[in-house]
Amino acid sequence: MKTAETPQSKPRRRFLRWLWTGLGLVVIAETAWVIAAFLRPRSKAAKAGSSLFTAGTIDEFAPGSVTAFPAGKFYLSRLDDGGLLALHRECTHLGCTVPWSESEQRFVCPCHASTFDSRGRVLGAPATRPLDMLAVRVENGIVKVDLSHRTRRVAYHASQVTKP
Amino acid sequence: MSTNDNHDRSNDRLGWRTVIAAAPTEPASERDRSRLARFSFLTHLRPVRVSSGAIAWSHTMGLGGTSLVLLVLLVLSGVLQMLVYVPVPAEAHGSVATLDHAVTFGALVRGMHYWSANLLIAVMLLHAARVFFTGGLGGTRRVNWIIGAGLLLGVLGAAFTGYLLPWDQRAFWAVTITTSMLEYVPLVGAAMRETALGGSELGGATLVLFYTLHTSVLPIALAAVAAWHFWRVRRAGGVIEPAAGNEPEKVAFLPHLFVRELSQALIMVAIVVVLAAAFGAPLGDEANPGMSPNPAKAPWYFVGFQELLVHLHPTVAVLVLPLLGLVAFVLLPFLAAPREGAGRWFLSKIGKRACVFAAVAATVATPLLVIVSDRFGSGATGWLTGGMLPIAIVAAMAAATDVFLHRVVHAPRDERRQATVTLFAVGFAALTIIAQFFRGAGMALGWPWGA
Ligand code: HEM
Ligand code: FES
């Protein structure tokens, strides 16, 4: 203890204090990093297997129809002109699952009454955004939907429709 | 410490007596009394003597102590439930049903947990109101107000994470709705929601995350912060009291305050047990991600924000206003702590009148605003109609109230600030009641008893 009080040791003490403070900050940063890594949303990539969903053959879907695919969490909408759109079933207002109403020919959200047309466009508030889309492709008359990626969109555009 | 103080511990090697030191209700002398307090673990937790004015029930209504009682009940009933509950989507709902139907006293314990949690939120809010309206948030008590705000957030977090665990339709969709509100936060909203859910949608990862927060992180944090909170009350010299010229009259903690606390605690436990036995805790159908219930609402303590979302631009409703409200609440000691009059309810007679006026004004104005917005708002909530305009209207109403209280009622500054806080607090409470009871299918306005 005595030697530590001598004047020569002052720089050493200051150095050690900085060292401890620095190391302490490193420990805090490391801990925060570990916690952040654990809190990171689990990635889908970890799930093996194809994310391509086979909906069926093109002529199973009559023009002007909407078909639900609960297993893929989407609706396949065949427009009057024969174009295809895959709409995610999650309401863009607050995430409820929207059912298709055959009688009203629109999606009606049970939670807060948002409505969407067969292209996913908002017909009635409170939702502000069209339903999310999934990519559709038609190969040899088979309709396939890519479940790996949901596309958010601000508005409907004709280019979003897949022509068979 | 003299050898004299040690005499009665001479053959107490394990030191038991320091924990449960015999506590005669009437110690023989003042010296005995202070020795008892200093050398026994249990009695040192509370002061030796307390001011007789401060222990009047009408002064604090024992709301802080009642919060603690409920917190203890939550821990006890929670640990028991952990013995049966399984935090996996496929088994969660079934394990809760097992608690309800196959475990002896399972439904009672579950009911106690449910009622303690809901009562705790209400009691904490009343406690904060008590502290505010008796002006107990100025000076050294500022820190304790902020600690208290931390406790409030922690308890809300615990209540919300617990809400998901039964994995029934109500739980699944309330959490879906509430976490989806995060999506409206600009730029980082989607990332915040994914972090809260532990993935892109509500599922097993969410359940494990919520379970961990609910059963270990938050309870441990709350216990530590609550201890700090109590210590700060002691350090401030006990609860707030009106400034008096002379030393306040003091009475012994034991038995005077102790019997009051004990009896109130027992009454609270009795209320919880009766509610649990009579009503239990609700358990609906198992969560079905493919079918949303109509209407889907957030838990009652968040449903006021959901009501804002009906009327306002989403960013205003889920980010700007809640953040503003939170900051104002935390910093209340710096915004509206009274300079004088603290310790008396509402500071003064005029203060009381001003608060009653503000409460009535908010009770009348809020439903009117809601109805007007419901009828004439197109549902299109842009920045102007859903942000600037309503904020300007509400600010103008608050300013008008302030001017009225100033000019007509002649309320001083501190009293008027108290009234402004009352106005907004009661307004939010009214929004909560409207959203909880007056909104039915499709969130349409209607009477709770249906039409
Ligand atoms: C777990 C929740 C809480 C518990 C267990 C608790 C407990 C207590 C207790 C036992 C007291 C002593 C006086 C009394 O009983 O009223 C107290 C005082 C106080 N509490 Fe809390 N409290 C909680 C939450 C809060 C909240 C949410 C706030 C406000 C943001 C708050 C702010 C204060 C302040 C400022 C005091 C000192 C008041 C004075 O000196 O008059 N507490 N609390
Ligand atoms: S979640 Fe669909 S309208 Fe609110």
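Here is the naming used below: chain letters follow the sequence lines, and residue numbers restart at 1 for every chain.
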- Query: Going through the distances and angles, do T176(B) and C96(A) end up as a side chain to side chain contact (heavy atoms under 4.5 Å, CB included)?
  - Reply: CA-CA 7 Å; T176(B) 299; C96(A) 285; 5.7 Å; no
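Interface remark: of the candidates E90(A), K73(A), H93(A), H93(A) forms the most heavy-atom pairs closer than 4.5 Å to chain B.
Few gaps surround CG on N288(B); more than 12 heavy atoms of other groups in view lie less than 6.0 Å from it.
Taking 4.5 Å as the heavy-atom cut-off, none of the residues of residues 429-439 of chain B approach chain A. Of residues 203-216 of chain B, those residues lying under 4.5 Å from chain A by any heavy-atom pair are A205(B), L209(B).
Interatomic distance, L39(A) CG to E194(B) CD, rounded to the nearest 0.5 Å: 13.5 Å.
Within the 4.5 Å cutoff, no side-chain heavy atoms of E183(B) are placed close to those of L94(A).
Sequence neighbours left out, the pairs with a member in residues 169-194 of chain B that pass ring pair (Phe, Tyr, Trp, His ring centres under 6.0 Å) are W167(B)-F172(B). Applying the salt bridge (Lys or Arg N to Asp or Glu O under 4.0 Å) test to every pair with at least one member in residues 291-303 of chain B, sequence neighbours left out, gives no pairs at all.
With a 4.5 angstrom heavy-atom cutoff, T115(A) does not touch chain B via any of its atoms. For chain A, the nearby parts of P289(B) are the backbone and the side chain; heavy atoms of each come within less than 4.5 Å.
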